[in-house]
Student: 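Just dropping this structure here.
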2 protein chains.
Amino acid sequence: MFEPVTIKDIAKALGLSTSTVSRALRDTHEISPATKKMVLDYAKEIGYQPNPIALSLKERRSKSIGVVVSEVANSYFSQAINGIESIAYDRGYHVIISQTHESYDREVVNVQHLASRSVDGLLVSLSSQTNDISHLKQLHDKGLPMVFFDRVAEEINTHKVIANNEKGAYEATAHLIRSGYKRIAHLTSSSQLSISIERLSGYEAALNDHGLTVNADYIKHCPHGGMIYEETESKIKELLALDEKPDAIFVAGDRLSTGCLSVFKNLSISVPGDMAIAGFSNSDVLDLFNPSLTSVRQPAFEIGKLATQMLIQLIEAKYPVEEFEKKVLDTELFVRNA
Amino acid sequence: MFEPVTIKDIAKALGLSTSTVSRALRDTHEISPATKKMVLDYAKEIGYQPNPIALSLKERRSKSIGVVVSEVANSYFSQAINGIESIAYDRGYHVIISQTHESYDREVVNVQHLASRSVDGLLVSLSSQTNDISHLKQLHDKGLPMVFFDRVAEEINTHKVIANNEKGAYEATAHLIRSGYKRIAHLTSSSQLSISIERLSGYEAALNDHGLTVNADYIKHCPHGGMIYEETESKIKELLALDEKPDAIFVAGDRLSTGCLSVFKNLSISVPGDMAIAGFSNSDVLDLFNPSLTSVRQPAFEIGKLATQMLIQLIEAKYPVEEFEKKVLDTELFVRNA
DNA sequence: CTGAAAGCGCTAACAA
DNA sequence: TTGTTAGCGCTTTCAG
């Protein structure tokens, strides 16, 4: 149905061998200018396009990289993907995106799928439900290049690119403290995620540094990372039911931050009047929100770029890479008060 | 670096021929149960994974589909992509996403890139700057299956899936009229886009049906579809500079709607006090906006699903398909007033 | 029921 | 400088 036009066709038409045509097309020196011109002209005339699949088979690589994220409909990830694309594209790589929707099972399936489609490398941000990373470890051990970004697996020794989650969390929490709030709760994603751990640690450090004590009742985890409204709502209701109700919340995720605002809006609880909120978010319409959200913004585009550069470096390395690094990029705090 | 495990390895280890192994793996009937079991067991043991590239080369298809959208960081498209993925994965297809960022040049390059990577088909939503569609026409003529969604090219005879833009625009405009507004402007994307034409037509119909006249000065185009804040701002300022200043605006796009709200916020113009706004948007945080936006929501997920089903049907068709259809899905109006 | 051989499109030794 | 040949991993005639 879809017309071929192969090197063989050109060879036949021009009375040459396929290897000569190949050489002309690939511009090697061992070819006469005349033949080369003839081949190139004819190739252009009939619109010859090399078959990348044949090439992949031969060179044993696909010039494509797989991306595993929880959701493209998420400002952070869509910005990161833009960064990924911007680099990949320039370097001639295809980007294959797959979404876990925060499900461990889908993550396993997607990773397997990508690997079996022989991507040359993987850019991974773990799902919030992922505890066991053997599906990735196995591929990594086999030699599949892999770079983690955002939600990383410490157990796998490879490059990692993350935001300075601890510092970002510290700043947001400190901002709430400086604004006069004393009972600051923390709403976060599942506890095993690297970002949860880092952000929790920044939150705790800020409390400690400002003479406030960490109250375990004030820390609530949403395993679905804000994907399920009811989950977020019920955790917030737990906070509101406490004897010493918090007066502010530091929220550790994009979806959770907006989810949180929605819950308060629906409960008709005034923000920041009755409850102040600061949270991680990369949305670019935050300025339109009311109640407004003081936000911690990650350099998502930059993170995507860096991760991709490192991955391609790994893919194209002549010798196995032994030294891995973790890049940490600063976040930015946007104070908004309505 | 990355270990192979081919059919040949199995054959050698088991003292069989590659064809026998292939047959065992592919579960044909012309194979003895014993051999089959032996092969399957061994294959599982050593973790054999068929090489899809070799298969693609043989079968002359890649089991992947290319998606061309303007931006993944856009609620409409990210939702549509979710729909696309949901079907594609089930049917064993990979989804390769590329973004035009509303640029014609990038669209041409991306389409070429996808085609040369031999995707089996294309799901396309045109960039706002695309006038010339010969890059697509050429591939379509060559037999590459193609389905348009959202921003379609009427000149290419193939399946199309769109929202009922005209009706959606009509309803939004009629809503503004019923709310008492009489000087309703229209802010839209570039004039050649199918969605612009359809939405403009719905807008005009609503005005006419309600005894209002269409004023050409009230219709403003943003060729970059809201990607450039300054463009949106300047068009709005043009509207505000008119002698008979509009009292409401019907906005024809996601990015434009939020951009519009931002502009008014920055100009300290009260919405809907001084200016009412209704617009197309698929954002799922609209409820948090203030000023709030009365929105026309498209069934993006559904559109993505349908387009993908139709594309795969085209790809897998035994005989060339001659009959094409255009599916039109209803939008939903969400009235919000703050 | 199994094996040998050809071929998908391309490149790269090796010959000529 | 050009042609011949083999091979990347797999399926599929065609013989046995």
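Below, all heavy atoms of this structure are taken into account, side chains as well, without hydrogens, waters or symmetry copies. A, B, ... follow the sequence lines: proteins, then strands. Residue 1 opens every chain.
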Student: Applying a 4.0 Å non-hydrogen cut-off, can you work out what A/Ser56 is touching in the nucleic acid: base, sugar-phosphate, or nothing?
Tutor: nothing

Student: Just checking, any donor-acceptor pair under 3.5 angstrom between side chains of B/His101 and B/Glu71?
Tutor: yes

Student: Parallel, tilted or perpendicular: which one describes the rings of B/Tyr104 and B/His135, with boundaries at 30° and 60°?
Tutor: perpendicular

Student: For B/Glu59 and A/Leu25, find the nucleotide of DNA chain C closest to each by heavy atoms; which residue's nucleotide sits nearer the 5' end?
Tutor: B/Glu59

Student: Is it true that B/Glu325 and B/Lys160 make a salt bridge, defined as a side-chain N closer than 4.0 Å to a carboxylate O?
Tutor: no

Student: For a quick check of understanding: with a heavy-atom distance under 4.0 Å over all strands, which category does A/Ser32 fall into, base, sugar-phosphate or nothing?
Tutor: sugar-phosphate

Student: Will you find, in the side chains of A/Ser127 and A/Glu102, an N or O donor that is under 3.5 Å from an N or O acceptor?
Tutor: no

Student: Got a salt bridge between A/Glu154 and A/Lys326, using NZ or NE/NH1/NH2 to carboxylate O under 4.0 Å?
Tutor: yes

Student: Would a line drawn from the ring center of A/His113 to the ring center of B/Tyr89 be shorter than 6.0 Å?
Tutor: yes

Student: Do the side chain of A/Ser190 and the main chain of A/Ser128 share a donor and acceptor less than 3.5 angstrom apart?
Tutor: yes

Student: Angle between the two end axes of the helix from C/dC1-D/dG16 to C/dA16-D/dT1, five base pairs per end, rounded to 10 degrees?
Tutor: 50°

Student: Calculate the interatomic distance between A/Arg60 atom CZ and D/dC10 atom P; express it in whole Å.
Tutor: 10 Å

Student: Could you check whether the rings of A/Phe149 and A/Tyr76 sit parallel, tilted or perpendicular, using 30° and 60° as the cut-offs?
Tutor: parallel

Student: What integer distance in Å separates B/Ile53:CD1 from D/dT11:C1'?
Tutor: 17 Å

Student: For nucleotides 4-7 of chain D, give me every protein contact, N/O to N/O, under 3.5 Å, one pair per line with atom names.
Tutor:
{"unit_1": "D/dT4", "atom_1": "O4", "unit_2": "A/Ser19", "atom_2": "OG", "d": "3.0"}
{"unit_1": "D/dG7", "atom_1": "N2", "unit_2": "A/Lys58", "atom_2": "NZ", "d": "3.3"}

Student: If we check side chain to side chain contact (heavy atoms under 4.5 Å, CB included) with B/Leu144, which of these qualifies: B/Leu139, B/Thr158, B/Leu136?
Tutor: B/Leu139

Student: Between A/Ile87, A/Thr308, A/Ile315, which is the residue that forms a side chain to side chain contact (heavy atoms under 4.5 Å, CB included) with A/Tyr93?
Tutor: A/Ile315

Student: At the 4.0 Å heavy-atom cut-off to chain A, mark where contacts on DNA chain C begin and end, going 5' to 3'.
Tutor: C/dC8 to C/dA13

Student: Measure from CG on A/Leu57 to C1' on D/dT11 and round the result to the nearest Å.
Tutor: 13 Å

Student: To the nearest Å, how far apart are A/Leu55 CG and D/dG9 P?
Tutor: 15 Å

Student: For B/Val72, is there any backbone N or O sitting under 3.5 Å from a side-chain donor or acceptor partner on B/Gln99?
Tutor: yes

